[in-house]
Amino acid sequence: MKRTEKNDMPNGHLHELFVDELKDALSAEKQLLTALKKMQQEATNEELKGAFADHHEQTQEHIHRLKQVFDHLGLAPRAKTCKAMQGLLEEAEEISFNFDGDPIKDAALIAAAQKVEHYEMATYGTLVTYANMMGHKQSEDLLQQTLDEEKETDRLLTDIAVNKANSVSAF
Ligand SMILES: [Fe+2]
Ligand SMILES: [Fe+2]
């Protein structure tokens, strides 16, 4: 976007940061898409497998929404490697490996997945705020939908952890 256009929008000074965060989010979601498939395979509890499968579908939609936001800005959707997500997913793999064959493995997978969801919630919370401040109403709505789904996934994982995977009856 040209500097003149950038200065036309409210809080245009946030534009570059907004775009940078969008690129980071696109990378994070793409990495997670692959990881969720693995987590689904690694989980033993059927409800947890289902939750990972559902969130895999939602994650595809999150990628689609980010591409729509890039489109609204007149930009090509570009990802920039999200190192935080790389780290979180490395830890998820490690924990999954370390607890392999252990009845507590599902709980370990949930712990790793919730760290991921909280990271995404922080990312989308920021993106929603920036979109709002710059008056990108359509983008704000799209990003808010994704934020709501990340929060809902986090709640669902807590529910599975408390009622199923971590409870004594699971063993
Ligand atoms: Fe997501
Ligand atoms: Fe997510």
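Numbering of ligands and ligand atoms starts at 1, following listing order.
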### Message
As a test of reading the structure, name the N/O/S atom of His62 that is nearest the Fe ion (ligand 1).
### Response
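Of all N, O or S atoms in His62, the Fe ion (ligand 1) lies closest to ND1.
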### Task
State, to 0.1 Å, how close Tyr124 and Glu150 come at their nearest heavy-atom pair, and which atoms those are.
CE1-OE2, 3.6 Å
### Task
Give, rounded to 10 degrees, the angle between OE2 (Glu150) and OE2 (Glu120) as seen from the Fe ion (ligand 1).
90°
### Query
For residues Thr153 and Glu117, is any side-chain donor paired with an opposing acceptor at under 3.5 Å?
no
### Task
Nearest 10° is fine: what angle sits at the Fe ion (ligand 2) between OE2 from Glu117 and NE2 from His55?
80°
### Query
Could you state the interatomic distance from NE2 (His118) to CE (Met121), rounded to the nearest 0.5 Å?
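Separation between the atoms: 4.5 Å.
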### Query
Would you call the rings of His62 and His55 parallel, tilted or perpendicular, where under 30° means parallel and over 60° means perpendicular?
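Perpendicular.
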### Message
Using 2.8 Å as the threshold, say whether any N, O or S atom from Glu149 sits that close to the Fe ion (ligand 1).
### Response
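No - counting backbone and side chain alike, Glu149 has no N, O or S atom under 2.8 Å.
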